[in-house]
Amino acid sequence: MRKLLLLLFPIAILSGCGSNEYYRQKYGPATDDIPTPTRAEFKLEEQVEGHTCGFHALSTIYKAYSLDPAVKNLRFRLGVDKAAIPFDSSSLGSLHPDIFRVATQDGFNLSLIDPESGNTEHVCQILANDYPILTLIKRRENGNLYWIVLSSCQDNMVTVYDSLFKETYKEPLPEYMNNNILSMIALEPSYPKEENTVWKKHREGIAEVNSVANKIRQR
């Protein structure tokens, strides 16, 4: 996904590049349907485009909570196909501010987990409560940034839903948090929030982008 573009993202997003009509639609209100209180089993989605890992990860979560990504216009509202930096095709994909805004609009409570805390017990407790964790990793095989979903934890081994694979796989949580995970977002079904809360979450997403950029610089 957007690789080192993360370092430049705050400038791009604050510049307001793009047409007013595009942003009126992108930032417009969501449909009224809300996530179910409990989730169904996650189902892996197949990724066939290079910039859609974030969309597929969040879509996997939406479907488990009986939300239709097409009805929610999820892909468009996430800005997946709009370059954050104009004319730079490598800047396509999903970034924290849009994820925070859209998921909050659609009835989820989002909370950040600091992977550098090493608090595996906290992570496993969230997963034990059946809440997914949307996770940004740095792939060990090529260093690319990539969105996945963590869904369960047993004996400090987490189950990973990764749209580049046809089956789930497991990772040792302590090592994964220390070496590969850059950002973790727990999602809990709730109700759509007031507009001021939505934009507060959007700003929280911008702050998390900067946090991720700092981690990339330091590693």
Side-chain angles (χ1 to χ4, degrees), residues 1-10 39 42 44-45 47 50-61 64 78 84 90-91 93-100 103 108-188 201 203-219:
M1 56 162 285
R2 299 190 179 191
K3 301 181 183 179
L4 295 181
L5 169 69
L6 288 167
L7 305 180
L8 302 175
F9 172 74
R39 68 170 177 83
F42 291 125
L44 270 171
E45 295 192 3
Q47 180 181 340
H51 64 289
T52 56
C53 59
F55 163 71
H56 286 296
L58 199 55
S59 176
T60 295
I61 294 172
L78 285 175
S90 70
S91 69
S94 304
L95 288 172
H96 290 79
D98 291 320
I99 289 171
F100 271 67
F108 289 95
N109 281 330
L110 280 70
S111 56
L112 285 166
I113 305 164
D114 182 8
E116 294 184 340
S117 71
N119 192 345
T120 58
E121 183 177 351
H122 177 54
V123 172
C124 289
Q125 184 58 58
I126 290 172
L127 297 175
N129 290 336
D130 257 356
Y131 300 141
I133 299 177
L134 184 65
T135 303
L136 182 66
I137 63 169
K138 187 174 183 180
R139 301 199 82 101
R140 61 172 63 90
E141 59 268 29
N142 54 23
N144 288 348
L145 304 188
Y146 201 83
W147 289 105
I148 59 170
V149 178
L150 304 184
S151 72
S152 62
C153 178
Q154 185 173 8
D155 298 326
N156 265 345
M157 297 291 292
V158 289
T159 300
V160 177
Y161 283 75
D162 182 333
S163 56
L164 285 184
F165 290 80
K166 293 183 177 180
E167 296 183 357
T168 62
Y169 56 87
K170 295 186 183 296
E171 291 284 355
L173 184 56
E175 290 84 354
Y176 211 35
M177 290 176 71
N178 187 54
N179 299 323
N180 300 98
I181 293 178
L182 294 168
S183 181
M184 307 176 81
I185 310 167
L187 286 87
E188 178 182 353
K201 281 295 182 180
R203 292 191 295 272
E204 188 177 336
I206 293 176
E208 180 64 3
V209 166
N210 289 323
S211 174
V212 169
N214 287 332
K215 290 172 186 173
I216 292 172
R217 292 188 189 99
Q218 293 167 8
R219 292 188 179 183

To the nearest 0.5 Å, how far apart are [atom1] in [X] and [atom2] in [Y]?
{"X": "Asp162", "Y": "Glu45", "atom1": "CG", "atom2": "CD", "answer": "12.5 Å"}
{"X": "Ile61", "Y": "Leu134", "atom1": "CD1", "atom2": "CG", "answer": "5.0 Å"}
{"X": "Glu204", "Y": "Lys201", "atom1": "CD", "atom2": "NZ", "answer": "4.0 Å"}
{"X": "Tyr161", "Y": "Ser151", "atom1": "OH", "atom2": "OG", "answer": "4.5 Å"}
{"X": "Lys138", "Y": "Leu145", "atom1": "NZ", "atom2": "CG", "answer": "7.5 Å"}
{"X": "Thr135", "Y": "Ile113", "atom1": "OG1", "atom2": "CD1", "answer": "7.5 Å"}

So, for [X] and [Y], which heavy atoms are closest and what is the spacing to 0.1 Å?
{"X": "Gln47", "Y": "Ser163", "value": "OE1-OG, 2.8 Å"}
{"X": "Ile99", "Y": "Leu110", "value": "O-CD2, 4.1 Å"}
{"X": "Met177", "Y": "Asp114", "value": "CE-O, 4.2 Å"}
{"X": "Gly54", "Y": "Trp147", "value": "CA-CD1, 3.4 Å"}
{"X": "Ala57", "Y": "Val149", "value": "O-CG2, 3.4 Å"}
{"X": "His96", "Y": "Gly205", "value": "CB-O, 3.3 Å"}

Flag side-chain contact, heavy atom, 4.5 Å: [X] against [Y]:
{"X": "Thr60", "Y": "Leu44", "value": "no"}
{"X": "Glu116", "Y": "Lys215", "value": "yes"}
{"X": "Pro115", "Y": "Tyr176", "value": "no"}
{"X": "Arg139", "Y": "Leu164", "value": "yes"}
{"X": "Leu58", "Y": "Leu187", "value": "yes"}
{"X": "Glu208", "Y": "Ser211", "value": "yes"}
{"X": "Leu182", "Y": "Ile137", "value": "no"}
{"X": "Glu188", "Y": "Ser111", "value": "no"}

| query | What's the verdict on side chain to side chain contact (heavy atoms under 4.5 Å, CB included) for Val123 and Cys153, showing C-alpha distance, side-chain angles and the deciding distance? | reply | CA-CA 8 Å; Val123 172; Cys153 178; 6.0 Å; no

| message | Using a 6.0 Å cut-off, check whether atom CD of Glu175 has over 12 heavy atoms from anything other than its own residue. | response |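 Counting other residues, nucleotides and ligands, CD of Glu175 exceeds 12 neighbours.
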
| Would the number of heavy atoms belonging to other residues, nucleotides or ligands and lying under 6.0 Å from CG of Asn129 be above 12? |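 For Asn129, atom CG is crowded (more than 12 foreign heavy atoms under 6.0 Å).
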
| query | If you measure from the Lys or Arg side-chain nitrogens to the Asp or Glu carboxylate oxygens, is any gap between Arg140 and Glu171 under 4.0 Å? | reply |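 Looking at Arg140 and Glu171, the cut-off is met.
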
| Is there a donor in the side chain of Thr168 and an acceptor in the side chain of Thr159, or the other way round, less than 3.5 Å apart? |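 Thr159 and Thr168 do not have a side-chain donor-acceptor pair below 3.5 Å.
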
